[in-house]
Amino acid sequence: MHSSAVFLIEFGAIILSLGLLGRLAGRLRFSPIPLYLLAGLAFGEGGLLPMGASEEFVAIGAEIGVILLLLMLGLEYTASDLVSNLKTQYPAGLVDAALNALPGAAMALLLGWGPVAAVVLAGVTWISSSGVIAKVLGDLGRLGNRETPVVLSILVLEDLSMAVYLPIITALLAGTGLAAGSVTLAVALGAAGLVLVLAARYGRHISRFVSSDDPEKLLLVVLGLTLLVAGLAQQLQVSAAVGAFLVGIALSGEVAEGAHNLLAPLRDLFAAVFFVFFGLHTDPSSIPPVILPALALALVTAGTKIATGYWAARRAGISAKGRWRAGGTLVARGEFSIVIAGLAVTSGIEPSLGPLATAYVLILVVLGPLTARYTEPLAIRLAIRLTAARRGRQPAPAPAESEDAAEPAAGGPRA
């Protein structure tokens, strides 16, 4: 059969499968990410239906998927929002990094993978999934809750931290020396700072330059600018993803909203391709040996994320119920954990890191919506039982669940 025909058949089968899996996930009301990862495992080497003709195109599509994920994330925030979150919520960001990155680093060192793999796995366990969490908040009707700005602030700080973290691991994985790595980090920080200043002072002018009443022209200009900046960033050894994130921040107002609406279907398509690509490079037979470390790491970091959210919400003056809701909501890991692990897999530093990251994300992307829904009632019920046990009497029935007063998520993502 002609190679182009084989490519069309293979790629068509992948896209059709993703569409059907997405519909199934929608009916089951959970994130489609684990199903996309499983599809990649099925289509990859060692899977049920290995594919070869479309792999190169899927690899390019996966890279575009990462770029669009970060661009869309940048479009959600203004420069002033980011600066405000940095000033008010940075202690929560530091607690988040300490509690959730250290378990990943410790696991890598315990497994004997070395310091570079430890830095990578620290990022995998640190970053929550903004996409999964945003969907969960909407599904549970919590977008107006008092604890929601706290959750969003932590997510924003994690996303900002990626502008520093990604260049660091890019330099480490490339094997550059201390001097070269320092230069790469300095360039990344300088670029991020410059873009934030330009976005804050001249964001309207940048948006006016990009703006167009014609959706086709707006799509082409924004997409072309994003790919160009991402390519230049990668050429400077910074990170294509960080370049795309900064482009999103620089755009504001109607341009950002219009670009968001136009690019959302493209993001969903190429992001799904990215998850499949990651699965393609993971041999299913390599997952069982790492399932126990992945499960242990998932349970530990689920607990540390709940503790992070509880502490941050308590610091913001949220009631006990809201604190538990904030903690349970932050548990899910997803797209960014896979992005970080994907960089390590491409560099080939540790063969078992990819399978462990896949199993870890599969566990937490399923567990995350459950902890978001049930952490608060379980914690309140347990507290009542403990109080009753101390007083030596039977526990009283749990009070009816009531949401905290709904308030707009100030300083959070733009609608």
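Note that the coordinates shown come from a computational prediction; the quantities given were computed from them, not determined experimentally. Scope of the values below: all heavy atoms of this structure, side chains included, with no hydrogens, waters or symmetry mates.
- Judged by distance alone, the side chain of Thr125 and the main-chain N or O of Ala122 form a donor-acceptor pair under 3.5 Å.
- When Ile340, Val120, Thr358 are each tested for a side chain to side chain contact (heavy atoms under 4.5 Å, CB included) with Leu353, only one passes: Val120.
- Here side-chain hydrogen bond (donor to acceptor under 3.5 Å, both in side chains) pairs that include residues 291-303, with residues two or more places apart or in two chains, are Thr301-Tyr360.
- The distance from the CD1 atom of Ile363 to the CD1 atom of Ile291 is 4.5 Å, given to the nearest 0.5 Å.
- Note that CG of Leu137 and CD of Glu147 are 8.0 Å apart. Values are rounded to the nearest 0.5 Å.
- Val136 places a side-chain heavy atom less than 4.5 Å from the side chain of Pro369.
- Residues Leu24 and Leu20 have side chains not in contact (no heavy-atom distance under 4.5 Å, counting atoms from C-beta outward).
- Separation of atoms CG (Leu227) and CD (Glu63) is listed at 9.5 Å; rounding is to 0.5 Å.
- Between the OH atom of Tyr374 and the CG atom of Leu367 there is a distance of 12.0 Å, given to the nearest 0.5 Å.
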**Report entry** Audit row: Leu121, Leu297, side chain to side chain contact (heavy atoms under 4.5 Å, CB included) steps and yes/no
**Finding:** CA-CA 10 Å; Leu121 196 55; Leu297 196 57; 4.2 Å; yes

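- Between the side chain of Thr148 and the backbone N or O of Arg142, at least one donor-acceptor pair lies under 3.5 Å.
- The CZ atom of Arg146 sits 4.0 Å away from the CD1 atom of Ile318 when rounded to the nearest 0.5 Å.
- In this structure, Leu356 and Leu111 have side chains that are in contact, with non-hydrogen atoms separated by less than 4.5 Å.
- Closest approach of Ser212 and Lys217 over heavy atoms only: OG-CB, 3.6 Å.
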Report task. Go through the steps for Leu155 and Leu330 under the test side chain to side chain contact (heavy atoms under 4.5 Å, CB included), then give the verdict. Result -> CA-CA 9 Å; Leu155 295 178; Leu330 288 168; 4.1 Å; yes

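- Of all heavy-atom pairs spanning Val365 and Leu362, the tightest one is CG1-O, 3.6 Å.
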**Report entry** Verdict with reasoning, Val222 to Leu262, per side chain to side chain contact (heavy atoms under 4.5 Å, CB included)
**Finding:** CA-CA 10 Å; Val222 173; Leu262 290 171; over 6 Å; no

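- The two residues Ile349 and Ala117 come nearest to each other via the heavy atoms CD1-CA, 3.8 Å.
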Query - Check against side chain to side chain contact (heavy atoms under 4.5 Å, CB included), Arg325 and Asn145 - result: CA-CA 10 Å; Arg325 285 196 297 268; Asn145 282 17; 3.6 Å; yes

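- Here Thr308 pairs with Asn100 under the side-chain hydrogen bond (donor to acceptor under 3.5 Å, both in side chains) rule; sequence neighbours left out.
- Across all their heavy atoms, Pro215 and Asp213 have their closest contact at CD-O, 3.4 Å.
- Listed by first and then second residue, the side-chain hydrogen bond (donor to acceptor under 3.5 Å, both in side chains) pairs that reach into residues 259-278 are Glu76-His260, sequence neighbours excluded.
- Side-chain contact between Trp126 and Leu102 is absent, with no heavy-atom pair separated by less than 4.5 Å.
- Other residues, nucleotides and ligands contribute over 12 non-hydrogen atoms within 6.0 Å of the CG atom of Asp214.
- Nearest heavy-atom pair across Arg333 and Ser128 is CD-CA, 4.1 Å.
- Under the 4.5 Å side-chain criterion, counting only non-hydrogen atoms from C-beta, Pro91 is in contact with Trp311.
- Using a 4.0 Å cut-off between a side-chain N of Lys or Arg and a carboxylate O of Asp or Glu, Lys305 and Glu158 qualify as a salt bridge.
- For the pair Leu68 and Phe270, the tightest heavy-atom approach, listed with the atom from each and the gap, is CD1-CD1, 3.9 Å.
- Annotation for Arg315: atom CZ counts as buried by contact number, over 12 foreign heavy atoms lying within 6.0 Å.
- Interatomic distance, OG of Ser153 versus CG of Asp96, reported as 11.5 Å (0.5 Å rounding).
- With a 4.5 Å cut-off on side-chain heavy atoms, Val119 and Tyr165 count as touching.
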